[in-house]
Number of protein chains: 2
Amino acid sequence: MNKLKEKLASKGLKATVQRLYVYEVLLNSRQHPTAEEVYREVSRVLPSVSLSTIYNTLETFVEHKLVNKVHNDSGIARYDAFVETHHHIYSENGEVIADYYDEKLAELLNDYFTKKKIKGYEIKEIRLQIICSTKEKESKK
Amino acid sequence: MNKLKEKLASKGLKATVQRLYVYEVLLNSRQHPTAEEVYREVSRVLPSVSLSTIYNTLETFVEHKLVNKVHNDSGIARYDAFVETHHHIYSENGEVIADYYDEKLAELLNDYFTKKKIKGYEIKEIRLQIICSTKEKESKK
DNA sequence: CTTATTGCAAACGGTTTGCAGCATT
DNA sequence: AATGCTGCAAACCGTTTGCAATAAG
């Protein structure tokens, strides 16, 4: 967490309370929150924070690769603080998102695309969207 | 293309000119157009068409699985008429999208996830987002 | 003839922006 | 002390909606 301060400093960014709390919320969040959700959380401890600050902060983090931004099917942005390679699990309606880490899979994909190039493109990154239905009972909305 | 009329009929949907043209634009489009782009194309031949009709039409198609909807990193929706299993190639800025068909890959992923279940979830679909830089010279924006 | 669909204009909702005051370096 | 960041309110822009007129079955 103090890593963040260092990273911010190393990039000439100021370590404001707002930024620290936004980052903390992302770290402690199991699901990937929307900007609004981050706002609600940060507001609890910093009632005067504004939504635009949340957006600005998140965007700054994304630009500096401290945070990932993901879009669900409804086009609303969600953010997560883990930049290590991992994939995302979506519910069928695109609502819930969880992280999915899988080194074996990473290796598999890496092998595959090392052999099989895609003509005219250089692959930078591969992201999986794993669309799932949860097995627990769920109200048939 | 007349397949569309049949499909619409079989679902009790009316085959309006607007729908036919929207579908045609999607079929003939190499990149996946946004609603706005579809609108511009359809307008050329049907000047009185409205943007909301384009949206309604696209949404109807998506609901009936005639068309896929994809979000790029900026959250703007793009549509494509190919519903067979395939993945998507994104440029690094999330702008350009191309289709990527690969049966071998599908098989590979299928095998992998048949063995390795994800606890608590039932996998419905897997989508790859392949982030690429094009190899052609490109203005360093 | 019935009902779904269109086109319009207005509303919506997530996100961005301009700017004065303030906090961090 | 200098600059970058915040918070506010207003703008933005992609998308949705209500509804009267129209076209498809």
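Naming convention: chains lettered A, B, ... in sequence-line order (proteins, then strands); numbering from 1 in each chain. All of these numbers come straight from a predicted model, not from anything done at the bench.
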Out of [options], which has the shortest distance to the side chain of [X]?
{"X": "Thr16(A)", "options": "dA23(D), dT6(C), dT24(C)", "answer": "dT24(C)"}
{"X": "Ile76(B)", "options": "dG14(D), dT24(C), dG7(C)", "answer": "dG14(D)"}
{"X": "Thr53(B)", "options": "dG7(D), dT16(C), dT6(C)", "answer": "dT6(C)"}
{"X": "Ala77(A)", "options": "dG7(D), dT15(C), dT6(D)", "answer": "dT15(C)"}
{"X": "Arg19(B)", "options": "dC8(D), dC5(D), dT5(C)", "answer": "dT5(C)"}
{"X": "Lys14(A)", "options": "dT6(C), dC5(D), dT5(C)", "answer": "dC5(D)"}
{"X": "Tyr55(A)", "options": "dC5(D), dT6(C), dT16(C)", "answer": "dT16(C)"}

Does a salt bridge link Lys104(A) with Asp111(A), judged by any charged N lying under 4.0 Å from a carboxylate O?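 Between Asp111(A) and Lys104(A) there is no salt bridge, as every charged N stays at least 4.0 Å from the carboxylate O atoms.
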
One thing to verify: whether Lys69(B) and Glu59(B) come together as a salt bridge, which I'm taking to mean a side-chain N less than 4.0 angstrom from a carboxylate O.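 Salt bridge between Glu59(B) and Lys69(B), a charged N being under 4.0 Å from a carboxylate O: yes.
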
Start at the 5' end of DNA chain C and walk down; is the nucleotide closest to Ser52(B) or to Ser52(A) reached first?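 The residue mapped nearer the 5' terminus is Ser52(B).
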
Touch class at under 4.0 angstrom, heavy-atom based, for [X] against every strand present:
{"X": "Ser48(A)", "answer": "sugar-phosphate"}
{"X": "Ala9(A)", "answer": "nothing"}
{"X": "Thr60(B)", "answer": "nothing"}
{"X": "Glu36(A)", "answer": "nothing"}

What is the distance, to the nearest angstrom, from the [atom1] atom on [X] to the [atom2] atom on [N]?
{"X": "Glu59(A)", "N": "dC12(D)", "atom1": "CD", "atom2": "P", "answer": "19 Å"}
{"X": "Tyr21(A)", "N": "dT24(C)", "atom1": "OH", "atom2": "C1'", "answer": "16 Å"}
{"X": "Leu13(B)", "N": "dT2(C)", "atom1": "CG", "atom2": "C1'", "answer": "16 Å"}
{"X": "Leu8(B)", "N": "dA23(D)", "atom1": "CG", "atom2": "C1'", "answer": "15 Å"}
{"X": "His71(B)", "N": "dC13(D)", "atom1": "NE2", "atom2": "C1'", "answer": "14 Å"}
{"X": "Glu6(A)", "N": "dT25(C)", "atom1": "CD", "atom2": "C1'", "answer": "17 Å"}
{"X": "Leu46(A)", "N": "dC5(D)", "atom1": "CG", "atom2": "P", "answer": "16 Å"}
{"X": "Tyr39(A)", "N": "dC8(D)", "atom1": "OH", "atom2": "P", "answer": "8 Å"}

Are any of Gln18(A)'s side-chain N or O atoms less than 4.0 Å away from OP1 or OP2 of dA23(C)?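 Checking dA23(C) against Gln18(A), no side-chain N or O comes under 4.0 Å of OP1 or OP2.
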
Find out whether Leu26(B) and Val67(B) are in side-chain contact, i.e. whether some heavy atom of one side chain is under 4.5 Å from a heavy atom of the other.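 Result yes, sub-4.5 Å side-chain heavy-atom pair found.
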
Do His88(A) and Asp99(A) make a side-chain contact, defined as non-hydrogen atoms from C-beta onward lying under 4.5 Å apart? yes

Start at the 5' end of DNA chain D and walk down; is the nucleotide closest to Asn56(A) or to Leu51(B) reached first? Asn56(A)

Assign the ring pair His87(B) / Tyr100(B) to parallel, tilted or perpendicular, where the plane angle (0 to 90°) is split at 30° and 60°.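 Tilted.
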
Can you tell which of Thr53(B), Thr60(B), Leu66(B) makes a side-chain contact (heavy atoms from CB on, under 4.5 Å) with Arg19(B)? Thr60(B)

